[in-house]
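As a basis for the values below, the full set of heavy atoms in this structure was taken, side chains included, without hydrogen atoms, waters or symmetry mates.
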Amino acid sequence: MSFETLPGFRAFYPESSARRADIFEKWRAAAHSFNFLEYDAPVLEPLELYIEKSGEEIVGQLFHFEDRGGRAVALRPEMTPSLARLVGAKANSLKRPIKWFNIGEHYRYERPQKGRLRAFYQFNADILGESGASADAELIALLIQSLKAFGLGVEDFKLRLSDRDLWLFLLAAEGLDAAGSAQVLGIIDKLERNSREKTLEQLATVLGESAAVFMTKVEAVVAIRDFPALVEYFTALPIEGTQTEAIEARLAEWRVLLTALDNSGMGEFVEIDLGIVRGLAYYTGFVFEAFEASGEGRALAGGGRYDDLVGKLGGQAMPAVGFAMGDVTLGDLLEKKGLMEVAEAGPDFIFIIGGVAERAQALADAACLRAAGYRVEYPLKEVAFGKQFKDANQRGARFAVIYGSEELASGVFKVRDMAAGTERDYPRTDLVALAESLLEEGQD
RNA sequence: GUGGCUGUAGCUCAGUUGGUUAGAGCACCGGAUUGUGAUUCCGGGGGUCGCGGGUUCGAGUCCCGUUAGCCACCCCA
């Protein structure tokens, strides 16, 4: 009987494990630099948690089953519902703003394809308890920094920024209620993927005869790329009274957001693009997605404001904004750009052991250096000298230390710098101090 | 869930119109090599040719099914 890895799941041999560790380290370092705190939640959750957030349709996309206690459970497909529950449960005692992040594996029962697997890692970051656009700016700055940390620049990726609130003004002007608006946003979300004819057809089912006129408005809005044009378009809308003030207020929020991003040095990555509205209906304000600069591929990261969700899932209402970044699309991009760290570091020291008699001293020294935190390797069986050096070379050792009868007889610590090819004797005094100076300064 | 393409050693691949015991390079292990590493030489392990069925005297090769991978659609939290 033979077994294979389940579809859409990956095994991590040391090389890919090293790459994954590198990605996690950079994500974590970025989050820490913005003073986000790490949290975690169960991988297995009540199925109901996801149905409550996303509706019954979600069940078909989940790994779910009934546990032996008769509970309907699911492997987490995303982090946000768990986060909302955690925060909601302690809402009154948590210092705000709450800035939290998580790096964890998520599971979705979907057909694997380019940039999408069934098990993948996500970096989630959220700011809760602050409704102002400064929070959106802080979060977006973290998102951009998290990508820059890999050496990616403006020529590699961009962040497409949009706003569902602005869309709602437009839709209200068309006389649409909440349900109709949600429907139209769903159509706009697919604008890029569908033909103009198909989009028109879909709009007509909601708007009837005004669909064609509305379509031209949509095309004008989606073409806007800079803030002055955005202001011009929305202040010129034929809308009166309190709505006009609301639009003014909304544009002021935009100003706060864009100014903060410019001041943080992130402005160059941001591109206004109201074509982004994001699929599910719970987003309430700014929404954004990061893409490869060429526009190819799936989104590198996506997020937005969700001011109503915590109240719905956690009981206690709380404004929130967050993003998620996956390891699969990012890994593909890093690979393509040649920015993927490939190998795990080699050992600091490999011991070359002459024979059974010399092994005792080598083991004692290895234990000493290992206790001090150095990476030390030695052969587990008796092997010819030449082979040991060859092996040390192949394993990428920084230094080889020779344990032969001559060295032990004369009481020296003979160290060979594998890269330089130099070899020197050192007195057998403080090995840890010697190791430290060798690794810092090398061998003269 | 739907469709297209592809499955021969760990990896990259060869394998003639269907014909005996399925090969190469790389990688791995051992040796030449009992005190010095990237070269060289020799040897070795590793395959139910993705799996199942069919056609045939005979199938890695042809046909059907299935499974997995890749890609696209649906969906994308």
Visitor: Once side chain to side chain donor-acceptor pair (under 3.5 Å) is applied, do any residues pair with A/Lys337, and if so which ones, sequence neighbours excluded?
Guide: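 By the side chain to side chain donor-acceptor pair (under 3.5 Å) rule, A/Lys337 matches A/Asp156.
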Visitor: Can you tell me, in whole Å, how much space there is between the P of B/G53 and that of B/C71?
Guide: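 Taking atom P in both B/G53 and B/C71, they lie 32 Å apart.
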Visitor: Quick one: closest heavy-atom pair of A/Gly115 and A/Thr329, and the distance?
Guide: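 That closest heavy-atom pairing would be O-OG1, 3.6 Å.
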Visitor: Taking Watson-Crick and G-U wobble pairs with both distances under 3.5 Å, convert RNA chain B into its dot-bracket string, 5' to 3', dots for unpaired and | for cross-strand pairs.
Guide: (((((((..((((.....[...)))).(((((.......))))).....(((((..]....))))))))))))....
Visitor: Classify every nucleotide of nucleotides 30-42 of chain B by which part a protein heavy atom approaches to under 4.0 Å, writing B for the base, S for the sugar-phosphate alone and - for neither, in 5'-to-3' order.
Guide: SS---BBBS----
Visitor: Please name all residues satisfying side chain to side chain donor-acceptor pair (under 3.5 Å) with A/Ser82, sequence neighbours left out, ordered by chain then number.
Guide: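 Side chain to side chain donor-acceptor pair (under 3.5 Å) list for A/Ser82, sorted by chain: A/Glu45.
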Visitor: Assess whether atom CZ of A/Phe385 is packed by more than 12 heavy atoms of other residues, nucleotides or ligands within 6.0 Å.
Guide: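 Yes, CZ of A/Phe385 has more than 12 neighbouring heavy atoms, counting only those of other groups under 6.0 Å.
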Visitor: Using the C1' atom as the reference point in each nucleotide, state the distance between B/A27 and B/U34 in Å, no decimals.
Guide: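 Going atom to atom, C1' in each nucleotide, I get 28 Å.
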Visitor: Are more than 12 heavy atoms from other residues, nucleotides or ligands located less than 6.0 Å from atom CD of A/Glu219?
Guide: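 Yes - once you tally the heavy atoms of other residues, nucleotides and ligands closer than 6.0 Å, there are more than 12.
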Visitor: Distance check, P atoms only: B/G47 and B/C11, in whole angstrom units.
Guide: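 Here B/G47 and B/C11 have their P atoms 13 Å from each other.
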Visitor: Any non-hydrogen side-chain atom of A/Lys190 less than 4.5 Å from a side-chain atom of A/Thr199?
Guide: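 Side chain of A/Lys190 against side chain of A/Thr199, heavy atoms only: no contact under 4.5 Å found.
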Visitor: May I ask you to test the A/Glu271-A/Leu161 pair for a side-chain heavy-atom distance under 4.5 Å?
Guide: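 The answer is no; the side chains never approach within 4.5 Å.
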Visitor: Looking at every strand, decide which applies to A/Gly322 at a 4.0 Å heavy-atom threshold: base, sugar-phosphate, or nothing.
Guide: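 If one applies the 4.0 Å heavy-atom cut-off, A/Gly322 turns out to touch nothing in the nucleic acid.
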Visitor: Considering residues at least two apart in sequence or located in another chain, which fulfil the ring-ring contact (aromatic ring centres under 6.0 Å, His included) criterion with A/Phe349?
Guide: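 With neighbours one apart ignored, the set is A/Phe399.
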Visitor: Restricting to non-hydrogen atoms, name the atom on A/Pro112 and the atom on A/Arg118 that form the minimum distance, rounded to 0.1 Å.
Guide: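 Looking at all heavy atoms of both residues, the shortest contact is CD-NE, 4.0 Å.
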Visitor: Does the protein touch nucleotides 72-77 of chain B at the base, only the backbone, or not at all? Give it as B, S and - per nucleotide, heavy atoms under 4.0 Å.
Guide: SBBBBB
Visitor: Could you tell me which non-hydrogen atom of A/Ala392 sits nearest to which non-hydrogen atom of A/Met418, and how far apart they are?
Guide: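 Reported closest heavy-atom pair: CB-CE, 4.0 Å.
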Visitor: Can you measure A/Leu380 atom CG to B/C29 atom P for me and round it to whole angstrom units?
Guide: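 Rounding to the nearest Å, CG of A/Leu380 and P of B/C29 are 13 Å apart.
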